[in-house]
*Asks:* 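I have a structure I would like to understand better, so I am pasting it below and will then ask my questions one at a time.
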Amino acid sequence: MNVQYENREGCLRVFLSGELGHHEAISLMARLSALVEDHLPARMVLDLSGLEFMDSSGIAVVVQTARKCQSCGGTLTVAGTPPQAQKVLTCAGIHRLVDIR
Amino acid sequence: MKLLKKDRINQMTLRFPSRSANEGFARSAAAAFIAQLDPTVEQVYDIKTAVSEAVTNAIVHGYRDTLGTITLTVRLYAPATVEIIIADKGCGIENISQAREPMFTTGGAERSGMGFTIMESFMDGLAVRSRPGKGTTVILQKALQARREV
Ligand SMILES: Nc1ncnc2c1ncn2[C@@H]1O[C@H](COP(=O)(O)OP(=O)(O)O)[C@@H](O)[C@H]1O
Ligand SMILES: [Mg+2]
C-alpha cells in the first residue's frame with residue numbers, strides 16, 4: 001500500500017495504490033487521520049484509482065476518514081473508485097453515507 | 001449447492017500461520033488456482049474478495065492475539081463450479097446467525113461487520129460451521145458458467 005498526497009487551496013488530495021486489506025488498514029487509518037489533523041482540509045479527496053484490491057477493511061477506512069474530516073470541519077469525496085472496490089462499498093451501503101465517484 | 005465428488009476435477013490445499021502478511025498471499029493463490037476454469041475478471045475479484053474476508057476473520061477473530069494454522073482448500077468441479085473451504089482451530093463463534101448479520105462485529109475500529117454479508121452476496125453459497133473453543137469452517141461456493149439458458 002502506497003500513500004501520496006498533495007494539498008492545494010484547501011483541498012487535500014490523497015492517492016492510494018496497491019492492495020487494501022486488514023493487513024494494511026490499521027496503519028493506513030492512522031496515516032489518513034494524521035494527514036487530516038495536519039492539513040485541516042475544507043475538502044479532502046481520497047483517490048482510489050491506483051487500488052488493485054480492497055476488501056471490507058477498506059469500508060472502515062473510508063467511514064473513519066469521512067468522520068475525521070467532518071469533525072475537523074471538512075468533507076470527504078472518494079474518487080476514481082475501481083469496479084471491485086465500488087462493489088464492496090456499494091454492498092455495504094457506504095455510497096449512502098459518503099460521496100463516492 | 002450440492003456438489004458431487006465424481007465431478008471434482010482438481011483441488012489444492014494450503015496451510016499457513018495466521019499472520020496478517022499471509023492475507024494477500026491466500027487470496028491471490030485461490031484466484032490463481034481457479035484461473036483454469038476460465039472465470040471472468042469480475043468472478044475472479046468476487047472470489048478474491050470473499051476469500052480475503054474469510055481468511056481475515058480466521059486471523060482477526062479466530063486466533064485473535066494468538067498464532068494458529070489456517071487451512072485453505074480450493075476444489076474445482078465440472079463443468080465450472082468452485083468450492084473454497086477456509087478452516088481455523090481458533091475460538092469459534094457462539095451465535096452464528098448473529099455473526100452473519102450485516103454490521104455485527106466483535107472486532108475493533110478497523111472492522112465493519114460486513115465480511116459475511118460480502119461473502120454471501122459475492123458468492124452463490126455460504127455455509128458456516130463453528131463450535132466455541134474448537135474453531136470455524138467457512139464453505140464458499142460459486143458457479144462460474146452462465147446459469148441462464150440462452
Ligand atoms: N473465524 C472466526 N472465528 C471466530 N469468530 C468469527 C470468525 N469469523 C467471524 N467471526 C465473528 O463474526 C463476526 C462478524 O464477522 P464479519 O461479518 O466478517 O465482520 P467483521 O470481521 O468486520 O467483524 C466477527 O466480528 C466475529 O465475532
Ligand atoms: Mg470480517
Side-chain angles (χ1 to χ4, degrees), chain A residues 1-3 16-34 36-37 46 48-71 76 78 81-98 100, chain B residues 16-32 39-64 70 86 100-105 107-123 126 140:
Chain A
M1 160 73 32
N2 181 27
V3 182
L16 302 185
S17 53
E19 300 209 329
L20 171 47
H22 153 259
H23 183 65
E24 296 79 19
I26 297 173
S27 61
L28 177 63
M29 248 155 54
R31 181 86 203 279
L32 294 174
S33 175
V36 175
E37 278 172 22
L46 192 59
L48 304 185
S49 56
L51 266 198
E52 285 149 27
F53 174 82
M54 188 191 96
D55 68 12
S56 73
S57 312
I59 297 169
V61 171
V62 169
V63 172
Q64 295 274 315
T65 306
R67 278 204 201 115
K68 185 78 191 176
C69 283
Q70 275 159 21
S71 74
L76 176 74
V78 178
T81 315
Q84 185 269 333
Q86 184 86 51
K87 197 167 172 179
V88 170
L89 292 169
T90 305
C91 180
I94 303 305
H95 54 294
R96 280 181 247 120
L97 308 173
V98 182
I100 294 172
Chain B
F16 54 92
S18 59
R19 299 186 189 281
S20 65
N22 288 329
E23 291 159 5
F25 162 71
R27 61 182 177 248
S28 298
T40 65
V41 173
E42 186 173 13
Q43 287 168 339
V44 174
Y45 272 131
D46 287 351
I47 289 166
K48 231 179 143 170
T49 312
V51 169
S52 190
E53 297 299 342
V55 169
T56 299
N57 280 352
I59 292 171
V60 177
H61 307 297
Y63 292 118
R64 241 169 272 177
I70 297 170
I86 299 99
R100 288 179 63 156
E101 273 168 30
M103 319 249 280
F104 176 86
T105 181
E110 89 291 0
R111 302 282 89 222
S112 61
M114 294 305 293
F116 278 129
T117 306
I118 286 172
M119 287 183 244
E120 199 161 347
S121 83
F122 285 29
M123 303 295 282
L126 165 66
L140 303 164

*Asks:* Of the listed residues (B/Gly115, B/Gly24, B/Ser112, B/Gly108), which shares the most heavy-atom pairs with chain A below a 4.5 Å separation?
*Replies:* B/Ser112

*Asks:* Is B/Val41 in contact with chain A via its backbone, its side chain, both, or neither, using a 4.5 Å heavy-atom distance?
*Replies:*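 It is neither, since no heavy atom gets under 4.5 Å.
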
*Asks:* Kindly write out the residues that satisfy side chain to side chain contact (heavy atoms under 4.5 Å, CB included) with A/Glu37, not counting sequence neighbours, or none if the list is empty.
*Replies:* A/Ser33, A/Lys68

*Asks:* I need the residue from B/Gly113, B/Ala50, B/Pro102, B/Ala21 with the largest number of non-hydrogen atom pairs under 4.5 Å to chain A.
*Replies:* B/Ala21

*Asks:* Measure distances from B/Arg19 to the heavy atoms of chain A and classify the residue's part below 4.5 Å as side chain, backbone, both or neither.
*Replies:*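 B/Arg19 has no heavy atom closer than 4.5 Å to chain A.
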
*Asks:* For B/Glu23 versus A/His23, what's the shortest heavy-atom pair and its separation?
*Replies:*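 Result for this residue pair: OE1-N, 2.9 Å.
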
*Asks:* Among A/Val63, A/Leu28, A/Ile59, who wins on heavy-atom pairs under 4.5 Å with chain B?
*Replies:* A/Ile59

*Asks:* What closest approach, in Å, do A/Ala60 and B/Glu110 show between heavy atoms, and which atom pair accounts for it?
*Replies:*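 So the minimum-distance heavy-atom pair works out to CB-O, 3.5 Å.
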
*Asks:* Checking heavy atoms, do the side chain of B/Ser52, its backbone, both or neither come under 4.5 Å from chain A?
*Replies:*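 For B/Ser52, heavy atoms of backbone and side chain both lie under 4.5 Å from chain A.
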
*Asks:* Under 3.5 Å, which donor-acceptor pairs link side chains of residues 82-92 of chain A to any protein atom two or more places apart or in another chain?
*Replies:*
from	atom 1	to	atom 2	distance (Å)
A/Gln84	OE1	A/Met54	N	2.9
A/Gln84	NE2	A/Met54	O	2.7
A/Gln84	NE2	B/Thr49	OG1	3.0
A/Lys87	NZ	B/Glu42	OE2	2.8
A/Lys87	NZ	B/Asp46	OD1	2.9
A/Lys87	NZ	B/Asp46	OD2	3.0
A/Thr90	OG1	A/Gln86	O	2.7

*Asks:* Using a cut-off of under 4.5 Å on heavy-atom pairs, state which of B/Glu53, B/Lys48, B/Met114, B/Met103 scores highest against chain A.
*Replies:* B/Glu53

*Asks:* Taking the side chain as every heavy atom from C-beta outward, state whether A/Ser56 and B/Arg111 have any atom pair closer than 4.5 Å.
*Replies:* yes

